[in-house]
A.B. asks: 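Below is the structure I would like to discuss, written out as structure tokens.
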Amino acid sequence: MPEQPVDYVERIKWFHQARFGIFVHWGLYSLLERGEWVMYRERIPADEYAELAGRFTGGEFDAEKMTGIAAGAGAKYMVMTTRHHDGFCLFDSKVSDFTSVKTAAGRDFIGEYVEAARKAGLRVGFYYSLLDWRFPGYFEPDKYPDSAREMVEQAHAQVEELLSNYGKIDALWYDGGWAADGGGWKDTSRTAMAEFWRSAELNHMAREKNPSILINNRSGLDEDLDTPEQHVTASEPGRGWESCMTMGDSCGWGFIRNNPNFKTVPQLLQHLVTAAAGEGNYLLNIGPRGDGRIRREEKERLAALGEWLGINGEAVYGSQRCELPGGMIGAWTRSGRTGYLHIFRWPGEEAVIPLVAAKALSAKLLSTGEDVEVRQEHNGRLVFSGLPKEPPHPYVNVIRVDFAAEPQRMVEKDAAAWLEGRAGDR
Ligand code: GLC
């Protein structure tokens, strides 16, 4: 008997607790070191591209190392490419020979990943690209209708395999549900794409296999999660969302040899905190080399995030939205009546936040463990004083503030009242 569907609020609980996940893009394209879109962007013929499978052995791919790095970064889940737009599967598939199991590697890398992630205490997500560039029907569905149909059938069969052969999967991360550029598509709306992929049927099957799974919004249907890409933008309250982002150049989810624009650790942390402040998650990508090794630039940054979360994790995991303003220095997260002020730009000995409509009872700097003096001025300004001149932590410093009630932002009934130092009484 199929299990009962699980209520959304219940299903999404772990995701809200997690706040931080690691995305992994790895596949044949990693060997070419020019990003995961290389086949299409360079118009590499399918047969020529397929030869890469003869060299893709993943000799250095170590799932336990990879999941260990993710867990050490403070991430609570991972999402790995089971198959990208090039159609090459990192898992065993009855409906395709273009897989790492049936070619040079002879390995089911997805099986290895799932096992290692579970061992490391991480939730497991599967990225799956609906589109497959090897099918002419993807580009010209009217001209090659049989090919288009085969591609859709392949997607249904493979999603079913992925959700049948690896135990309980926590998140299904679709991608590539859109129409090809400049091709023979008449209607490229989300509704038309959902019809093309038969997404309602597909997701119904997924939920029958796994009633607690979270499904993202990239099959043309909204489902459970919004997926802003390369930016952090909160969805409406109550709706789950997750910002995914590369560490380096935006076209480089897969390994790029010379990737000149790696974000700094403070930049990555600011994205993570901004997501957490909007009750959303941050899915940060790594793109291992063709042989499976994780590059130094990524390992170093992830270790630094882990060190920071070790000190400040309570301000991120399970965070709720906070409407308090960040003034000129940062952003807030919240947990019940506790507010966490994340200071991105350390102001020196005094820090000021305006329009705070709850009484602050006490404050503490998490990076030093020291109490912080806090006073509230009659016009709602919260003033922290006696702070160290220089930022005690080089990246982001967090002040935890315990309030007498859930902290809210003062409503400014008269938008000019602040000029006379009058509070906008709530
Ligand atoms: C995109 C890209 C892709 C990447 C993904 C991650 O839509 O096509 O290469 O996997 O976003 O969000």
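On a predicted model such as this, the values are computed, not experimentally measured, just so you know. The analysis underlying the following values was restricted to heavy atoms, covering all of them including side chains, and did not include hydrogens, waters or symmetry mates. Order of appearance sets the numbers: ligands from 1, and atoms from 1 within every ligand.
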A.B. asks: Salt bridge check, Glu406 against Arg337: does any charged N sit closer than 4.0 Å to a carboxylate O?
C.D. replies: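 Between Glu406 and Arg337 there is no salt bridge, as every charged N stays at least 4.0 Å from the carboxylate O atoms.
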A.B. asks: For Glu36, is at least one N or O under 3.5 Å away from an N or O on ligand 1?
C.D. replies: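 By distance alone, the answer is yes.
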A.B. asks: Counting only heavy atoms closer than 4.0 Å, does ligand 1 sit against the backbone of Arg218, its side chain, both, or neither?
C.D. replies: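 Just the side chain.
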A.B. asks: Below 4.0 angstrom, N of the basic side chain to O of the carboxylate: do Lys13 and Glu10 qualify?
C.D. replies: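 So Lys13 pairs with Glu10 through a salt bridge.
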A.B. asks: Thinking salt bridges, do Glu300 and Arg296 make one under a 4.0 Å N-O criterion?
C.D. replies: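 Counted as a salt bridge, because a side-chain N and a carboxylate O are separated by less than 4.0 Å.
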A.B. asks: Hey, which atoms in ligand 1 end up nearer than 4.0 Å to a heavy atom of Tyr127?
C.D. replies: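 Listed by number with element, the hits are 10 (O).
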A.B. asks: Test of understanding: given a 4.0 Å heavy-atom threshold, classify the contact between Tyr29 and ligand 1 as side chain, backbone, both, or neither.
C.D. replies: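 Under 4.0 Å from ligand 1, Tyr29 contributes no heavy atoms.
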A.B. asks: Take Phe109 and Phe61 through the ring-ring contact (aromatic ring centres under 6.0 Å, His included) test and state the conclusion after the steps.
C.D. replies: CA-CA 8 Å; Phe109 293 114; Phe61 179 82; 5.2 Å; yes
A.B. asks: When you check the gap from the basic side-chain N to the acidic O, do Glu279 and Arg239 get nearer than 4.0 Å?
C.D. replies: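 Not counted as a salt bridge, because no side-chain N and carboxylate O are separated by less than 4.0 Å.
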A.B. asks: I need the atoms of ligand 1 closer than 4.0 Å to a non-hydrogen atom of His84, numbered in the order shown.
C.D. replies: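 Counting from 1, the qualifying ligand atoms are 3 (C), 4 (C), 9 (O), 10 (O).
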A.B. asks: Short list, please: which atoms of ligand 1 are under 4.0 Å from a heavy atom of Trp173?
C.D. replies: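 By the 4.0 Å cutoff, the relevant atoms are 12 (O).
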A.B. asks: Taking the basic N atoms (NZ, or NE/NH1/NH2) and the acidic carboxylate oxygens, is any pair closer than 4.0 Å for Glu161 and Lys94?
C.D. replies: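 So Glu161 does not pair with Lys94 through a salt bridge.
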A.B. asks: One thing to verify: whether Asp291 and Arg289 come together as a salt bridge, which I'm taking to mean a side-chain N less than 4.0 angstrom from a carboxylate O.
C.D. replies: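 Looking at Asp291 together with Arg289, the answer is no, because their closest N to O distance does not fall below 4.0 Å.
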A.B. asks: Counting from 1, what ligand 1 atoms have a heavy atom of Cys244 closer than 4.0 Å?
C.D. replies: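 Result: 12 (O).
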A.B. asks: Checking a contact table here: which protein heavy atom is nearest atom 5 (C) of ligand 1, and how many Å away?
C.D. replies: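 So the nearest neighbour among protein heavy atoms is Asp175 OD2, 3.2 Å.
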A.B. asks: Nearest protein heavy-atom contact for atom 10 (O) of ligand 1: which residue, which atom, what distance?
C.D. replies: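 Going by distance alone, atom 10 (O) of ligand 1 is nearest to His25 NE2, 2.5 Å.
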A.B. asks: Looking only at side chains, do Glu314 and Tyr340 share a donor and an acceptor under 3.5 Å apart?
C.D. replies: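 Tyr340 and Glu314 do have a side-chain donor-acceptor pair below 3.5 Å.
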A.B. asks: Tell me: protein heavy atom nearest atom 2 (C) of ligand 1, and distance?
C.D. replies: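 Ranked first by proximity to atom 2 (C) of ligand 1 is Trp37 NE1, 3.5 Å.
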A.B. asks: Please state which part of Trp178 comes within less than 4.0 Å of ligand 1, counting heavy atoms only: side chain, backbone, both or neither.
C.D. replies: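 Trp178 to ligand 1: side-chain contact only, backbone stays beyond 4.0 Å.
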